[in-house]
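Just below is one structure, and these are the notes that go with it.
All ligand and atom numbering here is 1-based and tracks the order in the structure.
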Amino acid sequence: MEKEILVSNVDKEMKIALEKYEEPKDIKRVLSGMRPTGKLHLGNYFGALKTWLKLQDKAESFFFIADWHAITTSYHDTGKLSDNTVEMMADWLAAGLDPEKSILFVQSFVKEHAELYLLLGMIVPVKWLERNPTYKEMMENLKDREVATYGFLGYPVLQAADIVIYKADVVPVGIDQIPHLELTREIARRFNNLYGRIFPEPRPYLSEAPKLPGLDGRKMSKSYGNCIYLSDSEKEINKKVRSMVTDPARVRKTDPGHPEVCSVFAYHKIFTPSEKVKELEESCRKGEIGCVQCKKELSKILNNFLSPIREKREQYLQKKGDMIEIFVEGSKKARKIAQETMEEVRKAMNFFKA
Ligand code: TRP
Ligand code: SF4
């Protein structure tokens, strides 16, 4: 069973992420977003979408494509922004996000995020942003890419606006986002202290990191070129699985294997029924099954999992207009709520109302 943990009040070292909390029974509103940076891969599916799918059945949920956030680091190349947004729509719907159950929208369709971002910008000390670990790290790693922009420094302020504008109390995210969530809580607290209590302090909701390596055994990541995409064809899947790294100690089929070091086996553990996994494990250890055979079985099972997603994806892309309409409608619903919050915010801050 996949264990889920809820983390609240996370400290700077993220130590607390190791503590497991009971799953909350009192979730009121869930919200999360994803930057449209390209097609989704299995790492994204198990790292985020799977949790979203579960939550949309449990609570009022908002999921949005964070297109403004996407350009904080790639403002110099926005050529694919629109296409990536559409691809993300197809990936989400194909994976099972359901507009009947959750509100699916595009960040830039809801201009109120930008207004709140501006207002929050007035109250957030620059120091809070400069000590954000993501910021520090990016400044180190991307020295040559000129991310020392105002927009990038303000990334977590925009993220805070995304969240509090819907008064979301639970935000499903990966562990890397914990500092951003903590900052959101601090920003909400500061706003409430200054102008009166409007915003709840959102709690992160973590799903256990997926034990799903990339084809080469490293973390699955677009920049490593080791991904399996939700959109990959059957042929591509077969080819990719054939290229996966296995136990390097196995040269001949009769060599005893070590499934614990093998990527193929990591996949079997996720996709293959547990009885069968045990069987594979034993025959690998005894040198009875060859890697070629083992991979064939994985291909079959992966394709069983991915082909309905792939087909749905194609269907959505064939009716692009209808698909986009889902997000236009979702954005209208989201916007209505965002507008209500902004009314409250402007009133609390004493803006003149004509
Ligand atoms: N920063 C998030 C990421 O990179 C994306 C994001 C933007 C987000 N706004 C959000 C996530 C609000 C949760 C809530 O994954
Ligand atoms: Fe990996 Fe399967 Fe080969 Fe064992 S038989 S090393 S589990 S691919």
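The aromatic rings of Trp52 and Trp92 stand perpendicular to each other, their planes meeting at an angle above 60°, with 30° marking the opposite boundary.
A donor-acceptor contact under 3.5 angstrom links the side chains of Asp67 and Ser108, judged on distance only. Remark: the Ser233 side chain and the Glu236 side chain contain an N/O donor-acceptor pair separated by less than 3.5 Å. Side chain to side chain, Asn84 and Arg35 fail the donor-acceptor criterion of an N or O pair below 3.5 Å. Side-chain polar atoms of Gln56 and Ser102 form a donor-acceptor pair below 3.5 angstrom.
Seen from the ring of Trp128, Arg190 counts as a face-on cation partner, given the 6.0 Å and 45° thresholds. Both tests hold for Arg218 against Tyr224: distance to the six-membered ring centre under 6.0 Å, angle to the ring axis within 45°.
Among the candidates Arg29, Lys101, Lys167, the single residue satisfying the salt bridge (Lys or Arg N to Asp or Glu O under 4.0 Å) test with Glu60 is Arg29.
Two residues are said to be in side-chain contact when any heavy atoms from C-beta on lie closer than 4.5 Å; Tyr229 and Lys240 meet this criterion.
Of all protein atoms, those of element N, O or S that lie under 2.8 Å from atom 3 (Fe) of ligand 2 number 1.
Contacts of ligand 1 (protein heavy-atom distance under 4.0 Å) are Leu31, Ser32, Gly33, Arg35, Phe64, Ala66, His69, Tyr155, Gln159, Asp162, Ile163, Val171, Val173, Gln177.
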